[in-house]
Amino acid sequence: MLDVKDLTIEKAGKMMRNGELTSIGLVSACLKNIEEKNKELNIFLEVFSGSAFGGDDALEQAKKADEIIKSGKGGKLTGIPIAIKDNILINGRKVSAGSKMLENYTASYDAFVIKKLKEAGAVLIGRTNMDEFAMGSSTENSAYGPVKNPFDTSRVPGGSSGGSAAAVATGMCLGALGSDTGGSIRQPASFCGVVGMKPSYDIVSRSGVMAMASSLDQIGPFAKNSEDAKIIFDTIVGKDEMDSTSVDFTSQSFSSGPRSGPRPLGKALSGSVIGVPREWLKDGVDKEVLENFEESLEKLKKAGYKIKDVLLPYSKYALAVYYILMPAEVSTNLSRLDGVRYGLRKEGENLPGRQAGVFDTYKKSRSAGFGAETRRRIILGTYVLSHGYYDAYYNKAWKVRHAIEKEFENIFKDVDFVMTPTTPTTAFKFGEKSDPLQMYLSDIFTVPANIAGIPSISIPSGFSKENLPMGIQFTGPLFSDESLFAIEKDLRENK
Ligand code: GLN
């Protein structure tokens with residue numbers, strides 16, 4: 001049987017186009033891996049296989065892809081099995097956002113990114129487990145039980161897109177989509193030893209993606225390396241009339257930074273200047289993570305990069321800003337899930353008083369449908385948006401957000417990228433972070449890029465003594481997305 005664990009999208013694509021491999025063969029190998037390991041790891045909430053899908057299951061899709069490839073019209077993603085996070089809509093299929101609230105909800109249209117993947121001939125293989133409504137860093141908030149880290153099943157895979165990261169790491173697919181509001185692609189990528197990338201805000205349409213915090217959410221790719229991640233990225237970017245905020249990335253160039261304009265993948269970025277905010281690394285970062293970070297810096301120096309210390313004093317407050325703006329947006333976005341318009345419904349009692357029956361239905365449905373973390377954030381968000389506190393919290397947080405955006409804009413006049421570890425620790429154990437504030441701190445390095453709307457990538461950088469993957473993160477100016485992919489290649493080739 002074909003070994004897909006180390007097979008890249010690039011290589012599989014070439015093999016299929018050369019007639020050495022079929023999509024049916026490739027998808028069957030992934031399905032076999034799923035069959036063997038999914039029970040234990042709980043990565044997929046649903047696998048698109050079996051006759052229930054009326055001609056649209058993974059093998060049927062693969063068969064169609066093989067025909068396209070045979071006719072010579074196959075592209076880089078044709079026939080490639082891709083896993084989809086459970087908050088992205090696929091027409092006619094269930095999509096639950098890891099929540100009981102939407103357990104039986106079926107999507108009535110394709111998300112923009114799904115349309116793009118279908119057009120490219122990719123094979124959608126299943127929907128992956130996640131923290132409820134993408135809120136969390138461990139998948140422990142999933143209503144369907146957590147995903148286990150494939151490197152150590154007593155540990156979390158990261159979150160919220162933990163299922164997508166683990167699916168790529170275990171060869172259950174060759175690439176995956178996730179969403180990143182504060183780190184949910186990059187942090188699990190780091191914990192599972194794969195590449196994960198959050199694109200610049202607005203260059204990937206959010207149409208058909210369940211909103212968590214709309215001013216921060218972005219869809220992005222998971223893959224084994226940057227070439228593969230870029231193949232997915234190239235497929236899903238683009239202006240979409242269904243998302244009025246989306247921009248055509250290809251017509252944009254970025255002008256800040258010592259060098260400007262996107263650089264093509266494959267071209268070494270040697271000579272680029274990397275900024276390191278040393279102050280961020282002072283507290284709370286594991287020794288092993290720091291050592292690994294320093295080793296990566298050395299490798300980059302050898303590859304011809306220049307390293308420079310930078311100060312980002314406002315960005316220190318990014319996490320605080322995030323935990324005001326994000327819950328505010330969550331509380332509004334999730335208000336539509338009320339047992340009337342969408343989702344789980346628990347009939348209320350017909351109590352006396354105007355609309356009391358409806359209110360009781362809201363209350364009962366939302367209490368039964370939402371998990372503890374979701375309820376916490378709705379309450380927090382409602383609080384910061386309430387009349388007496390709006391100015392003190394929400395408005396102030398927006399001011400600091402603007403200061404952080406400016407700060408990054410300025411820093412990119414001096415350096416090309418900002419580099420940090422992706423996370424302060426390696427994958428932690430289940431139950432280890434029972435205090436929500438401790439959990440929130442695992443996003444300390446990833447959140448600033450969402451606050452500033454700029455692109456950021458997590459790249460595997462080795463293993464700890466306990467054989468747990470580690471990752472480093474590069475963040476660049478707005479629209480510098482393509483350059484970020486090139487660093488991974490440089491680093492890989494300068495081992
Ligand atoms: N872990 C962060 C949170 O809990 C980020 C989530 C995300 O990016 N979707 O909010």
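First listed ligand is number 1; within each ligand, the first listed atom is number 1.
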Exercise. Below 3.5 angstrom, do we get any N/O pair linking Gly136 and ligand 1?
Worked result: yes

Problem set entry | Contact atoms of ligand 1, heavy-atom distance to Asp443 under 4.0 Å | 1 (N), 2 (C), 3 (C), 5 (C)

Exercise. Which ligand 1 atoms does Ala134 reach within 4.0 Å, using its non-hydrogen atoms?
Worked result: 6 (C), 7 (C), 9 (N)

For this session: Show which atoms of ligand 1 fall inside a sub-4.0 Å distance from at least one heavy-atom site of Asp180.
Result: 8 (O)

Exercise. Does any N/O atom on Thr181 come nearer than 3.5 Å to any N/O atom on ligand 1?
Worked result: yes

Problem set entry | Where ligand 1 meets Ser160 - atom numbers and elements under 4.0 angstrom, heavy-atom basis | 9 (N)

Exercise. Does Gly159 reach ligand 1 with a nitrogen or oxygen that is under 3.5 Å from one of the ligand's nitrogen or oxygen atoms?
Worked result: no

Exercise. With a 6.0 Å cut-off on ring centres, are Phe417 and Tyr305 close enough?
Worked result: no

For this session: Please could you name the atoms of ligand 1 that Met212 approaches to less than 4.0 Å, counting only its heavy atoms?
Result: 9 (N), 10 (O)

Exercise. For ligand 1, is there an N or O atom under 3.5 Å from any N or O atom of Ser179?
Worked result: no

For this session: Using a strict 4.0 Å cut-off to heavy atoms of Tyr322, name the atoms of ligand 1 that fall inside it.
Result: 2 (C), 3 (C), 5 (C), 6 (C), 10 (O)

Problem set entry | For Gly182, atoms of ligand 1 separated by under 4.0 Å from a heavy atom | 5 (C), 7 (C), 8 (O)

Problem set entry | Numbering as shown, the atoms of ligand 1 that approach Tyr323 to under 4.0 Å (heavy-atom distance) | 3 (C), 4 (O), 10 (O)

